[in-house]
Amino acid sequence: MTVVTRFAPSPTGFLHIGGARTALFSYLYAKRHGGKFLLRIEDTDRERSTQAAVDAIFEGMAWLGLHADAEPVYQTQRFDRYKAVIAQMLEAGTAYYCYCTKEELEQMRNEQMARKEKPRYDGRWRPEPGKQLPPVPAGVQPVVRFRNPAHGKVVIRDLIKGEIVFDNAELDDLIIARADGTPTYNFCVVVDDMDMGITHVIRGDDHVNNTPRQINIFRALGATPPQYAHVSMILGADGAKLSKRHGALGVMEYRAMGFLPEAMLNYLVRLGWSHGDQELFTRQEMIEKFDLDHVSASPARFDMEKAYWVNHQYLKTAPLHAVVPEFDWHLRRLGLDPAQGPAIEDVIRAQRERCRTLLEMAEKSRFFYAELSGYDEKDAAKHLTAESADLLEALVGILAALPAWTATSLHAAITGFAESRGLGLGKVAQPIRVAVAGMAVSPPIDQTLFLLGRERTLARLAAAVRYVRGQS
RNA sequence: GCUCCUAUCGUCUAGAGGCCUAGGACGGAGCCCUCUCAAGGCUUAAACCCGGGUUCGAAUCCCGGUAGGAGCGCCA
């Protein structure tokens with residue numbers, strides 16, 4: 001049997017981190033077993049679903065490279081099918097009409113809560129042999145309820161949490177079609193999972209309580225339920241639930257923060273899943289090694305520091321062709337023109353070891369692509385002094401006369417100059433750094449000047465000299 | 001309230017009864033290297049929620065507490 005998994009977000013917002021991890025697990029599990037990974041848009045709630053959210057989800061999935069193996073399924077395009085199944089269930093007696101109004105239901109719940117009972121439908125419209133149903137009220141559009149088995153137990157062999165047992169007596173008859181005829185979530189999920197041939201449902205553990213109901217519907221339909229794997233949720237750094245109000249960010253915001261998609265995937269896969277002591281996985285390794293046995297059943301906190309570390313590992317080692325487009329995107333985002341400076345491959349090579357994110361890299365590389373807007377105040381005060389102005393002035397002459405503008409010749413020239421003055425390299429390099437980069441941090445000074453080019457270097461050195469002298 | 005889930009360093013985790021003096025990673029501390037920032041190397045502090053069982057032996061199995069969480073919609 002081929003494994004078929006799916007990711008089924010409801011388009012009410014962007015693709016957040018928890019959803020992305022669920023999608024990743026589903027994707028990996030399918031790939032691991034040579035199966036298919038499908039996408040389904042659960043948009044039956046027309047009030048809250050938006051096209052913008054659908055697009056945002058696709059955008060996030062695309063950025064992460066989580067491609068589905070077929071066109072996405074939209075629930076709103078399957079209403080005819082749902083209607084047919086509901087008719088069939090009504091016919092078979094596994095579903096029935098219920099004429100309770102929302103107000104009656106509300107009252108029922110309140111009374112039950114007051115009695116400290118679990119709020120549930122009392123089954124007043126549920127047909128039973130020999131039972132007298134209430135008279136059908138005029139002007140009430142009925143909903144359709146699923147006739148859940150009254151007795152027995154539902155046993156879920158969850159691939160992550162193990163055996164979970166629910167008593168059918170705990171389950172009430174859920175609504176599968178609203179008064180306006182539109183189907184509801186738990187019902188659509190079953191019909192879709194059945195029709196799509198889903199073999200493994202990997203989803204957030206906020207769905208465990210829905211699972212027995214869904215299994216019962218599967219059975220009422222004469223279908224075999226898929227296997228389930230409920231992944232625990234991701235908490236914020238403080239251990240509190242992630243929500244829009246509380247630190248839940250869309251994956252695209254992580255892009256803006258300077259994460260590489262592969263790094264994001266790697267951080268996410270290790271959040272809850274492990275393979276011995278291994279921390280870093282290529283996508284291929286994830287596919288080869290991912291399994292549900294080693295997915296943790298307990299919730300995990302999102303640790304930004306660790307995420308940064310993973311990203312840094314990727315920044316340092318990823319093939320340039322994977323970094324270039326992302327870095328280019330960040331440069332432009334800062335209003336910089338990548339054409340107005342050194343080749344970005346060279347800048348990445350020079351910067352990758354010293355930046356945890358692409359955003360940081362772009363900010364630290366600004367001086368390669370744009371004129372200085374000023375000097376860092378502290379750095380200038382410390383390094384752009386009267387003495388260093390003399391050094392810089394001398395350097396302008398030396399560097400202008402350099403036969404070749406290469407890192408090697410620059411290195412020789414600068415160290416030679418420092419020695420001739422009886423100074424440590426730092427005494428010379430730091431003022432140069434502030435002069436050309438505007439701050440006391442940059443790649444090795446020979447690299448920096450080489451990448452910046454002769455013209456810009458000399459001009460900035462001279463400008464720094466003027467700056468110092470103009471101040472006093 | 002009811003049902004269900006979870007519980008190893010601050011964080012992510014390894015651990016499937018003896019291999020555990022509980023391992024790795026992030027972060028922290030210290031040292032080395034060094035033109036800045038990094039990177040790298042070395043060292044170090046830091047955890048089995050509590051209580052009972054089962055067993056020759058428990059972080060691992062069972063029960064009970066405690067704590068956290070999820071669900072209880074004509075939302076998904």
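In what follows, every chain begins at residue 1, and chains take the letters A, B, ... in the order their sequences are listed.
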Strictly below 4.0 Å: does [X] bring a side-chain N or O up to OP1 or OP2 of [N]?
X        : N      : value
A/Lys316 : B/rG40 : yes
A/His294 : B/rG15 : yes
A/Thr44  : B/rA76 : yes
A/Arg433 : B/rC35 : no
A/Arg109 : B/rC74 : yes

Can you tell me the base-pairing partner of B/rC49? Count Watson-Crick or G-U wobble geometry only, both distances below 3.5 Å, and say none if there is no partner. B/rG65

With both distances under 3.5 Å as the test, what is the Watson-Crick or G-U wobble partner of B/rA29? B/rU43

Roughly how far apart, to the nearest Å, are [N] and [M] at atom [atom1]?
N      : M      : atom1 : answer
B/rA47 : B/rA59 : P     : 15 Å
B/rU11 : B/rA46 : P     : 16 Å
B/rG27 : B/rC42 : P     : 16 Å
B/rU60 : B/rG71 : P     : 30 Å
B/rA45 : B/rC56 : P     : 37 Å
B/rG18 : B/rA58 : C1'   : 10 Å

Mind calculating the distance between [atom1] ([X]) and [atom2] ([N]) to the nearest angstrom?
X        : N      : atom1 : atom2 : result
A/Tyr228 : B/rC4  : OH    : P     : 19 Å
A/Leu271 : B/rC12 : CG    : P     : 8 Å
A/Ile234 : B/rC5  : CD1   : P     : 22 Å

With a 6.0 Å cut-off on ring centres, are [X] and [Y] close enough?
X        : Y        : result
A/Phe146 : A/Phe187 : no
A/Phe259 : A/Tyr267 : no
A/Trp309 : A/Tyr314 : no

Return yes if the base of B/rG24 and the side-chain atoms of A/Glu279 contain a donor-acceptor N/O pair under 3.5 Å, otherwise no. yes

I'd like to know if the side chain of A/His230 pairs up with that of A/Asp205 as donor and acceptor (distance under 3.5 Å, no hydrogens or angles considered). no

Verify whether one side chain among A/Asp180 and A/Gln141 offers a donor that lies under 3.5 Å from an acceptor in the other. no

Using heavy atoms to find the nearest nucleotide of RNA chain B for A/Asp293 and A/Pro119 separately, return the residue whose nucleotide is more 5′.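 Checking each residue's closest nucleotide, the 5'-ward one belongs to A/Asp293.
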
